[in-house]
S.K.: 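Just dropping this structure here.
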2 protein chains.
Amino acid sequence: MQRIGELAGACGIKPDTLRFYEKNGLLNPVNRSPKGYRLYSEEDAQQLRFILRAKAMGFSLSDIRELLNIEASRSDWVCADVKGMVEAKVDELQTKIDEMIRLRDSLQTLADACCGGAESAIHCSILDTLETK
Amino acid sequence: MQRIGELAGACGIKPDTLRFYEKNGLLNPVNRSPKGYRLYSEEDAQQLRFILRAKAMGFSLSDIRELLNIEASRSDWVCADVKGMVEAKVDELQTKIDEMIRLRDSLQTLADACCGGAESAIHCSILDTLETK
DNA sequence: ATAAAGCTTGGAGTTGTATCCAAGGTCAAA
DNA sequence: TTTGACCTTGGATACAACTCCAAGCTTTAT
């Protein structure tokens, strides 16, 4: 059993974050010491690592809550459920990526058209473009 | 001179947004009617369009404040200043894009490894991966 | 003349993901 | 034994960019 600071330190997060996850139903440490200190079991630590891995993959905390639900009773679900979630997230990411590429390209075009020199910005093509498209 | 609702409507935003921009120093309508209604001149409308265009290009409101400062006294700046801002934003976007592509690819790999069928998720490779990497 | 639509202000609420703070209890080391 | 590190709780704060609300005034349409 580890105390909150130990587990947090071991996982590179802060105790506050762990309490935050608890408040939001992501990770409920099973035990408390006689004086009320949270005590995390190896299973709790395992679950935290699950959360952090999912987060690193781009899942939101509410996605993760859902994944944990599935994980908690795998037999109630089928592979298609899980794969569906992952693919939905891929699509979501793809949409954002496309949008950001669009923005990046617009900006790059803008930058390319600008001399970028020490000339006064009075005739700056970037500002002109923003002013009147 | 247009009233707030007219200008907002014409630009596809809400009056509240215009007041928000004003409170945040992005757009101060020059005039008020005798009864205190905001009145926007064509220049104000022009500036709003500048703001909205910059926003559509991915600039944050604080970026836009900076661009407006430059725009307001172009002669105090050189092209390099402006181009620098745009290129910094391109880099910022690129960093985010790279990160999101990394996430997308990880998730795609995860999805590809899953049968995605009607089988119980008991042996789901996605959950297994998140559980123990 | 009256009702609906529009305007004003100050301030609160939203979303997501934490992070920080204060007041107080506990524990280990020097 | 005292100091300092750690723990508890509830609640405040942060960020971005709005969005909404209430109470009250003005303008417009019928």
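Chain naming here is simple, since letters A, B, ... match the order of the sequence lines and numbering starts at 1 in each.
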S.K.: If you look at every heavy atom in B:Pro15 and B:Ala8, which pair is closest and at what distance?
M.R.: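 Minimum heavy-atom separation between B:Pro15 and B:Ala8: N-CB, 3.6 Å.
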S.K.: Tell me what A:Ser60 touches on the nucleic acid: a base, only sugar-phosphate, or nothing, going by heavy atoms under 4.0 Å.
M.R.: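 It contacts sugar-phosphate atoms only.
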S.K.: For the pair A:Asp112 (side chain) and A:Thr109 (backbone), establish whether a donor and an acceptor sit closer than 3.5 Å, ignoring hydrogens and angles.
M.R.: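 Here the side-chain-to-backbone pair does not exist.
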S.K.: Would you say A:Lys14 reaches C:dC20's phosphate, i.e. side-chain N/O to OP1/OP2 under 4.0 Å?
M.R.: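 True: A:Lys14 side-chain N/O within range (under 4.0 Å) of C:dC20 OP1/OP2.
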S.K.: Tell me which nucleotide among C:dT19, C:dG25, C:dT8 gets nearest to the side chain of A:Tyr37.
M.R.: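 For A:Tyr37, the side-chain atoms sit closest to C:dG25.
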S.K.: Which sits closer to the 5' end of DNA chain D, B:Phe59 or A:Gly36, going by the nucleotide each is nearest to?
M.R.: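 Mapping each residue to its closest nucleotide by heavy atoms, the 5'-most match is A:Gly36.
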S.K.: Reckon B:Lys23 touches a base, only the sugar-phosphate, or nothing at all at heavy-atom distances under 4.0 Å?
M.R.: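 Nothing: the residue B:Lys23, judged by heavy atoms under 4.0 Å, touches no strand.
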S.K.: So B:Arg19, base contact, sugar-phosphate only, or nothing? Heavy-atom distance under 4.0 Å.
M.R.: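 Base, at least one base atom sits under 4.0 Å.
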S.K.: Can you give the first and last nucleotides of DNA chain D, 5' to 3', that have an atom under 4.0 Å from a heavy atom of chain B?
M.R.: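 First and last nucleotides in contact are D:dA17 to D:dT27.
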S.K.: Is there side-chain contact between A:Phe50 and A:Leu27, with heavy atoms separated by less than 4.5 Å?
M.R.: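 No, too far: nothing below the 4.5 Å cut-off.
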S.K.: When you measure from the side-chain N and O atoms of A:Arg65 to the phosphate of C:dG16, is any distance below 4.0 Å, counting only OP1 and OP2?
M.R.: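 For C:dG16, OP1/OP2 do not have a side-chain N/O of A:Arg65 under 4.0 Å.
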S.K.: In whole angstrom, what separates A:Glu92's CD from C:dG16's C1'?
M.R.: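 The distance from CD of A:Glu92 to C1' of C:dG16 comes to 13 Å, rounded to the nearest Å.
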S.K.: A:Lys96 and A:Glu99: salt bridge (Lys or Arg N to Asp or Glu O under 4.0 Å), yes or no, with the steps?
M.R.: CA-CA 5 Å; A:Lys96 284 187 194 160; A:Glu99 169 69 0; over 6 Å; no
S.K.: Can you tell me if the side-chain N/O atoms of A:Lys35 get under 4.0 Å from OP1 or OP2 in C:dG24?
M.R.: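 No, no such contact exists.
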S.K.: Before giving the answer on side-chain contact (heavy atoms from CB on, under 4.5 Å), spell out for A:Leu68 and A:Arg65 the whole-Å C-alpha distance, their side-chain angles and the decisive distance to 0.1 Å.
M.R.: CA-CA 5 Å; A:Leu68 287 169; A:Arg65 238 189 319 270; 5.5 Å; no
S.K.: In whole angstrom, what separates A:Phe20's CZ from C:dG16's P?
M.R.: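 It works out to 10 Å between those atoms.
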S.K.: Got a donor-acceptor contact below 3.5 angstrom from the B:Asp44 side chain to the B:Ser41 backbone?
M.R.: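 Checked: pair present.
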S.K.: Over how many whole Å does the gap from A:Arg3 atom CZ to C:dG25 atom P extend?
M.R.: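 Nearest whole value for this atom pair: 18 Å.
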